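A quick note: this is a predicted structure, and the numbers were derived from the prediction, not measured. Note that ligands are numbered from 1 as they come in the structure, with each ligand's atoms numbered from 1 the same way.
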Amino acid sequence: MTSMLSRAVGSPVARLEGPAKVSGAARYAAEYPQDHLAYGWIVASPVARGRLDAVLTDPAEEDVLAVLWHGNAPELEKSDDPELAVLQSDEIRYRGQPLALVIATSIEAARRAAQAVQLEITAEDHDVELRADHPDRYTPETVVPDVPAGSDIGDADGALATAPVTVDVVYETPALHNNPMEPHATIARWDDQDLILYDSNQHPSGIAQTVAAIFGLTAERVHVVTEHVGGGFGSKGSARPNAVLAALGSLVTGRPVQVALPRQAMFSVVGHRAPTVQRIRIGATEDGTLTAIDHQTCTQSSRLLEFVESASVVTRDMYPVPNLRTGHQVVRLDVPTPRWMRAPGEAPGMVGLECALDELAVKLGADPVELRIRNSPSNPRYVECLRTGADRFGWSPRARRVDGEWLVGTGMAGATYPAQAMPSTARVRALGGDEYEVAIAAADLGTGARTILAQIAADELDVPVDQIHIRIGDSTLPQASVAGGSSGSASWGWAVTGACRELRSAGGTRDEATFDTTESVQQQKEDRHASGAHFAEVRVSTVTGEIRVSRLFGMFDGGRILNPRTARSQFLGGMIMGMGMALHEESVLDPAQGTWVNHDLAEYHIPTHADVEWIDAAWLDAPELDLNPMGSKGIGEIGIVGSPAAILNAIFHATGVRIRSLPARLDKLLPHLPTT
Ligand code: MOS
């Protein structure tokens, strides 16, 4: 209707939530004032495997209201997610598993009492070490998000055996932890038979359904309030144990109960990106035409749940080679369950593929940009990202130089991420005087969902954006899909567009319209992707081995860019998170303790401002109006896909040292560097 003439969509509108956030007026899950609020503190398992025989507490602790464990906790209904069956059995499946919940009148008392609780445990031997030759590895049926674990076109082995040029390399990525700024938190309160949850998550509608089922309620009886969220990166996509524990605690004590995870618990109960060992074999002709790719990933999951990081899947979509095989194997270990972390599958998978492709380019003596262009005949938008990106970055394969103690080089890598939408429903109401309320149970992770939805509605209703009042972050609003899979804006914006168009087409005979996208979304069959190209310049000190990323540039196709200000922030955030993956982030496993030992932000290193020297992103801004009414593709994840590989390839270009095990720390590099 009006979308082609839009004024709001595509402009850098800001909706001024900043003052509310920096002044503390914006409320996050743990900040809702409650009468008689009680505080829950988790007693975490100190062992990775065994049985909990008893929990002994000191009855003299006065401020303690209850100590719940499987010996006394109310029985829960079965859940699809066995990790949510908290305090239900004596089985210990991972270190950090909640074994008891202490509820007290202050957070200090709860923590003190939790530290004083004595656990009687029968420990068993555990196994937490992923090895590609682990005897218990097996081929799963499906991998995340629910796609076949394997694919096989042509004859990869045969083509590799006869290919004039080949690479055969193994890339390893470590376990990574999401670590949003706001740790997971819930305040639960029972109101007669209804359950109210103030919860930090990416999917209020889904959390309400999951928690309702666990407590034997219908979804309408659970009210999830998620007004503001300080990030999630996938770890808040489904209900986590904190929500169930808070609800249990409130049920038993009759008070509102808060369970706010300390940073250290973020390394056990909310998920992680599983480590991968990837073997990539590529065959090509002398002139750089790819003839075969085989990408095999070995990864881990927990004893509780099979969740398989789909690192090989991205290779199915990237380059159309005649002989293409991909596969996954998984080992179930005594570790916390891996979950979604920004671009699950694509982020580690593109390290393997795009670094191996760089190794091929070196063997061929080919420009890595030209090699990719040559092998992407059916992907014009990717090619345009490669060409435009190379141009804007000032790409030159001859850019290697020495500057005092610093070796300077450049690298690049491609990027892709599925463009998808999921069923959602939105409601729009005319409030009179050209003011409208738009309601949908979406969650804003801090990315600007309110702003985007207001822009979309303003254009559809042909009113200024400040006359749109957005209501999101509440499960009692029309049901919305998860803020994940880079699908939020496409999914919710589609529903908002539909509702606005219905209201307008009613021509003033109605003051409210609701639109459910389920049918339209299901009719969409074609696989579509956002694409991108990353370019990096690094310098490496021959004295210390220190790696600095002096320039990082990303060129993207995200369809129509709904708001350049928020889009840029998403692109840059993803690229910087990719820098963390390349250089800093690594959950270090202690096999004896069965846990990651660097479980805080002092020891788990993420990039800081000082690590970012020069960074920029640009985009084609080419709407694809047959994809959804806005013509947009998701952009939340593509920034992290490819940026680690670009940096690793630049390190090789600068130093001649190929790092195949992430992160590229100076101790891996230094022994191999030339002395200057
Ligand atoms: Mo993202 S890992 O799909 O929240």
Verify salt bridge (Lys or Arg N to Asp or Glu O under 4.0 Å) between R427 and D516, making sure each step is shown before the conclusion. CA-CA 9 Å; R427 183 186 67 219; D516 177 350; over 6 Å; no

Regarding ligand 1, does F233 bring an N or O atom to under 3.5 Å of one of the ligand's N or O atoms? no

Protein residue, atom and distance nearest to [atom], heavy-atom basis:
| atom | answer |
| --- | --- |
| atom 2 (S) of ligand 1 | R342 N, 3.3 Å |
| atom 4 (O) of ligand 1 | Q202 NE2, 2.9 Å |
| atom 3 (O) of ligand 1 | G485 N, 2.5 Å |

Should P344 be listed as contacting ligand 1, given a heavy-atom distance under 4.0 Å as the test?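 Yes; P344 lies near enough to ligand 1 that a heavy-atom distance drops under 4.0 Å.
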
Is D81 salt-bridged to R240, cutoff N-O under 4.0 Å?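 Yes, charged N to carboxylate O under 4.0 Å.
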
Is the shortest side-chain N to carboxylate O distance from R339 to E309 below 4.0 Å?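 Looking at R339 and E309, the cut-off is not met.
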
Going through the checks in order, is the salt bridge (Lys or Arg N to Asp or Glu O under 4.0 Å) test met by E227 and R471? CA-CA 9 Å; E227 204 177 344; R471 285 184 63 199; over 6 Å; no

Verify whether the ring centers belonging to F307 and W340 lie closer than 6.0 Å.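 Yes: the rings meet the under 6.0 Å criterion.
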
Per-atom contacts, ligand 1 versus E637 - under 4.0 Å to a heavy atom: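 Under 4.0 Å from E637, ligand 1 has these atoms: 1 (Mo), 2 (S), 3 (O).
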
